[in-house]
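Accompanying notes for the structure given below.
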Protein chains: 2
Amino acid sequence: MPSPPPAWVQALKPAGPQGSELLAQERAQQQQILSILESDKVFDKSENYTLGRTEKIQRALAKAKRLQQLAVQHKWSQDDYYMANELLSEPTPYGLHASMFLVTLREQTTPEQKKLFLEPASRYEIIGCYAQTELGHGSNVRGLETTATWNPDDKTFTIHSPTLTASKWWIGSLGRTANHAVVMAQLFIGGKNYGPTRSLSRFVICKPTSLWRISTSETLVLSSATSDTMDNGFLLFNKVKIPHVNMLARFSSVDKETNKYLRPASHSLLYGTMTWVRSNIVLQAGSVLARGVTIATRYCAVRRQFQDRDGGKDAGENQVLNYKMVQIRLLPLLASMYALHFTGRGMMRLYEENQKRMKGAVEAGQDKRGAGPEQLRAGADLLADLHATSCGLKALASTTAGEGLEVCRRACGGHGYSNYSGIGPWYADYLPTLTWEGDNYMLTQQVARYLLKSARAVLAGKGTNNDTSQILQTYLSRREKGASFDILEEDKDIVAAFAWRTAHLTFEALKRRDVEKRSWNSLLVDFWRLSTAHSQYLVVKNFYEAVTSPQLTSELDPETVTLMHKLFRLYSLHTLEREAGEFFSSSAVTTRQISLAQSNAVMKLLDDIRPHAVRLVDAWKFPDWQLDSSLGRYDGEVYPDLFRRASQNPVNDLVFDPYPWNENVLKNSAPKSKL
Amino acid sequence: MPSPPPAWVQALKPAGPQGSELLAQERAQQQQILSILESDKVFDKSENYTLGRTEKIQRALAKAKRLQQLAVQHKWSQDDYYMANELLSEPTPYGLHASMFLVTLREQTTPEQKKLFLEPASRYEIIGCYAQTELGHGSNVRGLETTATWNPDDKTFTIHSPTLTASKWWIGSLGRTANHAVVMAQLFIGGKNYGPTRSLSRFVICKPTSLWRISTSETLVLSSATSDTMDNGFLLFNKVKIPHVNMLARFSSVDKETNKYLRPASHSLLYGTMTWVRSNIVLQAGSVLARGVTIATRYCAVRRQFQDRDGGKDAGENQVLNYKMVQIRLLPLLASMYALHFTGRGMMRLYEENQKRMKGAVEAGQDKRGAGPEQLRAGADLLADLHATSCGLKALASTTAGEGLEVCRRACGGHGYSNYSGIGPWYADYLPTLTWEGDNYMLTQQVARYLLKSARAVLAGKGTNNDTSQILQTYLSRREKGASFDILEEDKDIVAAFAWRTAHLTFEALKRRDVEKRSWNSLLVDFWRLSTAHSQYLVVKNFYEAVTSPQLTSELDPETVTLMHKLFRLYSLHTLEREAGEFFSSSAVTTRQISLAQSNAVMKLLDDIRPHAVRLVDAWKFPDWQLDSSLGRYDGEVYPDLFRRASQNPVNDLVFDPYPWNENVLKNSAPKSKL
């Protein structure tokens with residue numbers, strides 16, 4: 001360790017008012033889980049930025065093991081365990097076992113398979129991963145090359161990788177940790193392809209020659225830009241045989257006797273899972289973004305730069321958060337994190353209510369009480385709507401959060417780029433979310449396809465009762481009269497203006513596809529714009545419904561309710577002015593309205609929200625240990641913390657010989673000893 | 001090392017046509033410098049993503065030393081040395097010595113100081129850094145807290161850090177390598193502050209108690225998110241005395257006899273240096289972006305995903321680059337990299353011509369030939385214009401390049417996030433450019449201030465001949481008649497439409513400031529928009545001038561000239577549709593024109609440019625060794641290269657014990673031995 005700072009250095013304070021004085025004081029108590037983690041040396045975060053890849057991955061496994069031990073010891077619920085992982089805020093080699101592997105086994109297995117696989121996996125007696133993505137194939141599941149061929153003679157499947165691009169790639173936890181995998185492969189029976197299906201491959205029983213991943217010692221590990229604490233890996237099969245029971249058979253299976261493929265009864269439940277996963281990404285996006293906004297808002301309240309130009313010569317340096325150019329970057333993101341949170345919650349609620357209703361309808365149908373079919377149809381209609389909207393919202397929400405984090409980092413000036421800001425590493429870990437679970441650009445096609453289909457139905461007089469049909473219907477019935485929304489005074493007119501724009505773009509796209517017969521490819525850009533517009537409408541609508549809901553207005557004090565309304569308006573009007581072109585050309589608003597929104601309404605909202613900014617981020621209650629950020633410290637002691645962290649850097653132990661003519665890098669070292 | 005892949009794995013090929021077949025074959029020979037670097041083991045890049053911080057910084061110094069040795073051995077010119085650094089593409093601990101330190105000594109020293117400091121520094125007998133930024137103060141040089149106090153008694157300066165926030169922070173090469181620093185401090189003479197000035201501090205002669213950076217062994221090193229190969233450091237002074245000669249005295253100084261401050265004769269030359277630095281950032285931004293576009297374009301030409309929806313059931317998977325949604329992201333960036341390159345070149349040329357003219361005028365004045373004053377005034381006018389435009393362009397160009405790199409990464413799908421893509425690390429290294437040399441948001445105020453000043457002059461009939469005055473004048477004279485630009489047919493009308501929008505926004509802002517008396521702070525967002533608009537106009541104008549220049553049209557074949565015109569139109573029309581709101585509201589174009597530009601003109605340009613995309617990135621001739629990217633390989637052998645890199649990952653040597661109930665992370669290791 002370097003010598004400690006001399007006394008005179010230790011006595012120095014930052015100039016002017018201390019950061020702690022600039023931040024408000026009231027906050028909630030630290031949770032119990034946090035104190036367990038904080039007091040355990042294995043979870044120490046201080047070397048996160050200095051260790052190499054091999055050290056990091058070992059520490060990550062040690063952390064994963066300890067979390068599992070603690071979960072058993074303290075009888076943590078599933079939610080407690082997730083919370084502990086969130087506080088730790090780094091992927092671990094158990095990450096994919098605890099999520100995708102266990103979830104797949106839970107949802108896709110028969111009772112027999114549950115006993116065989118799920119139970120030992122839940123006890124961590126087998127450790128698994130989820131092998132779907134291939135080297136040459138990401139979003140396109142139908143393009144997967146790995147094959148699972150049914151052998152009628154010995155009632156087994158043969159798993160095979162026919163090409164290099166068929167290697168399972170990027171698979172988290174596969175690198176060093178997992179000894180089982182759920183493998184997605186094309187099912188072949190009697191030479192015919194029945195499409196992708198899931199089966200379980202138990203590596204440990206495979207022969208060395210048949211699988212290029214025979215024991216942990218021969219697995220390869222990808223260097224991932226996302227995090228050095230996950231053992232991403234890849235995997236190739238050379239005609240590996242697995243027993244019949246290893247094909248996960250809850251929904252579809254191969255009949256052992258007839259050698260026939262048994263189709264799933266309905267795709268709704270499979271759709272349902274994806275819808276749930278994507279709604280969850282929307283909900284998470286709010287809190288992912290909230291981390292960055294918390295750090296940047298606190299730091300911009302502590303940091304002072306430049307005098308206000310109109311403030312006279314003797315004015316001190318101004319808090320950065322007082323500058324409109326900083327407010328216009330941070331405060332709409334502050335509004336967005338609430339908007340995404342409410343939207344995610346709204347979608348989850350809708351999804352769960354509908355699942356319950358459908359389950360009821362199915363059971364009623366089975367009881368022959370006859371109430372089933374119509375309710376089922378309505379349920380399926382809503383599920384289709386939810387599926388499409390969840391695609392678009394996943395894209396919008398994760399893009400907003402990912403790009404928003406980078407805006408937060410830049411709002412912190414130079415220190416934003418330091419690892420000690422806590423934003424950069426978090427941003428890097430989050431970014432792949434924009435690509436996985438459906439690439440954000442690819443997903444927009446599904447939204448457009450659904451909107452076009454709905455528009456065709458509405459034009460044919462076959463629209464349903466769901467919201468999408470209704471906004472298209474409203475547009476058609478008012479199109480001739482034109483829109484006249486009072487976006488500057490009426491909150492509900494803001495929602496209507498967003499709906500109008502979506503409907504306008506939908507019918508424009510429909511005309512290009514159906515009347516002008518344009519190619520699908522030439523319309524992809526229009527579809528992406530359409531999906532974005534539709535998703536923005538949904539966020540605005542969900543935010544509006546949340547701030548006007550009886551629940552919110554009864555739980556919060558009137559001042560906070562007013563503030564929430566202002567956040568709603570800031571999110572909406574700021575989005576509206578950024579997308580001004582589309583609002584003009586759809587005649588949803590006038591240029592005069594946009595101009596007033598921009599130069600008056602938004603500026604006024606920034607003024608109104610600014611004094612509450614710190615309180616609004618504090619409400620998310622991120623503990624310092626989780627943020628791991630000098631800039632975002634709750635107490636505002638930014639500079640001493642930066643100073644402390646830099647002082648502890650292990651590079652301080654090196655003594656360089658700086659002159660180029662001496663080969664040695666270190667002083668007093670034997671030539672090239674270190675290299 | 002892990003066991004080599006078995007024979008059957010080695011024999012596997014990617015499915016379908018090989019990447020190499022998909023990319024064109026013609027390219028230039030590798031440069032001589034490249035082969036020197038490639039053959040030297042010290043420059044090996046294969047462990048860049050697996051080493052820890054302390055190992056990386058040692059290797060980086062070894063590389064820096066070797067580069068310097070090679071420069072002397074092979075008699076490299078300055079340009080050769082820069083080229084070698086660019087091929088290496090990582091910051092080294094000599095980076096700041098070779099740039100800011102030497103440049104400052106060259107430009108700011110007297111002949112006596114050149115002998116004392118510059119000459120030994122050029123021979124690397126002293127190694128320096130540039131200590132300007134402080135812990136609490138970034139862009140605002142006037143806010144620096146470090147003081148340099150003149151002592152009339154012993155004719156020395158005392159350098160002092162009165163607070164913690166005064167520590168020099170982020171200083172590259174200071175951490176472990178430099179033993180001298182140019183220190184920026186507030187000059188005090190007789191209690192009066194004369195503003196920031198530069199002086200040279202020689203660490204080696206300081207007493208341990210007076211400076212918290214007495215020898216290399218006590219310096220602290222910042223963990224930087226940008227790169228682990230630079231030894232950023234920080235520094236505090238406790239009343240350190242330096243001799244009179246250590247204040248860099250070419251432009252301003254303290255008179256030893258009278259104890260008076262001697263002011264610089266003119267600020268033009270200082271302005272000039274900053275203008276040059278920023279113009280250089282604009283030029284570099286083109287090639288920084290070109291790296292990302294090269295990688296993404298090549299990979300998207302190799303990668304195939306999904307069938308074309310209109311292509312029928314039997315169509316093979318389509319090259320990703322054929323999708324319009326990919327083209328609309330990559331091809332405008334391809335156009336941007338050319339646009340920024342031409343703009344940077346145009347600015348450099350203008351700057352150099354003007355410097356020459358002004359020098360001529362000064363000499364003529366000194367010769368009393370009388371030609372001076374008027375030419376000097378014209379030169380100063382142009383320099384002021386260049387200074388303002390360079391601020392705005394630095395902001396626009398670095399934002400375009402930084403954000404463009406992220407677009408390129410996402411266009412590569414999941415593999416974009418792998419370090420092996422070569423985009424992520426390059427993006428992380430580049431991003432701070434958006435903040436340093438003037439924060440991109442802060443800079444826009446300088447542009448706005450200049451435009452407002454110019455507009456006031458034009459209104460008062462005192463406009464000059466420079467371009468800014470002219471576009472404001474043109475707008476005023478045509479405002480009543482209105483604009484009628486034919487942006488879809490006439491290239492020069494595109495330039496005129498961009499000029500019109502700038503002028504419109506300038507007079508709008510002027511009205512708000514001068515007539516409505518709005519506060520400066522409330523206008524910051526308008527100023528930022530104005531600066532962006534103005535800078536986009538300048539890029540469009542420079543691009544147009546380049547593609548219509550006799551030089552370009554005589555050097556290139558007609559087909560390439562046509563292609564360059566198309567790139568110009570793509571950049572311009574794509575920018576125009578993204579900023580549609582401002583073009584509408586300034587009446588520069590009609591909504592009908594925008595709609596046609598969007599759905600017809602831009603789509604047609606994408607079709608036209610697509611077949612030439614690979615050739616257009618190949619033209620930048622980045623060697624594979626420099627790109628260090630599996631995805632961007634010249635030969636298109638993407639997948640085998642990913643495979644090879646993953647196989648060499650040192651994590652493959654670890655054997656995990658994966659079960660949570662065993663404390664050991666590694667198999668066969670003593671408990672906790674590794675942690």
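If you're wondering where the values come from, they're calculated on a predicted model, not measured in any experiment. Just so you know, these numbers use all the heavy atoms, side chains as well, and skip hydrogens, waters and symmetry mates. Throughout, protein chains are lettered first and strands after them, A, B, ... in sequence-line order, and every chain is numbered starting at 1.
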**Asked** For A/M603, is it the side chain, the backbone, both, or neither that has a heavy atom closer than 4.5 Å to a heavy atom of chain B?
**Response** side chain
**Contact class of B/E579 relative to chain A, heavy atoms under 4.5 angstrom** = neither
**Message:** Given heavy-atom pairs under 4.5 angstrom as the criterion, report whether the side chain, backbone, both or neither of B/S599 touches chain A.
**Reply:** both
**Asked** Do B/R329 and A/Y441 meet the cation-pi criteria used here (NZ or CZ under 6.0 Å from the six-membered ring centre, within 45° of the axis)?
**Response** yes
**Asked** Hey, which of A/V326, A/I57, A/L51, A/L606 has the most heavy atom pairs under 4.5 Å with chain B?
**Response** A/I57
**Request:** Kindly compute the distance separating CG (A/L654) from CZ (B/R53), expressed to the nearest 0.5 Å.
**Result:** 9.5 Å
**Item:** Set of residues satisfying salt bridge (charged side-chain N to carboxylate O under 4.0 Å, His left out) with respect to A/E406, sequence neighbours excluded
**Value:** A/R409, A/R410
**Prompt:** What residues, two or more places apart in sequence or in another chain, satisfy side-chain hydrogen bond (donor to acceptor under 3.5 Å, both in side chains) together with B/K65?
**Reply:** none
**Message:** With a 4.0 Å cut-off on N to O distance, would you call A/D526 and A/R518 a salt bridge?
**Reply:** no
**Prompt:** Any Lys/Arg nitrogen of B/R176 or B/D231 sitting under 4.0 Å from an Asp/Glu carboxylate oxygen of the other?
**Reply:** no
**Fill in**
Highest number of heavy-atom pairs under 4.5 Å with chain B among A/Q68, A/K56, A/Q327, A/H415 belongs to A/H415
**Prompt:** Non-hydrogen atoms of chain A under 4.5 Å away: do they reach the side chain of B/R578, the backbone, both or neither?
**Reply:** neither
**Fill in**
Residue from A/N322, A/T591, A/L61 scoring the most non-hydrogen pairs under 4.5 Å with chain B is A/L61
**Asked** With respect to chain B, which residue among A/L434, A/N662, A/L431 yields the maximal number of heavy-atom pairs within a distance under 4.5 Å?
**Response** A/L431
**Asked** Is the distance between the ring centroids of A/F527 and A/W520 less than 6.0 Å?
**Response** yes
**Under 4.5 Å from a heavy atom of chain B, the part of A/V602 involved** = neither
**Item:** Per-residue contact mode, B/E47 against chain A (heavy atom under 4.5 angstrom)
**Value:** neither
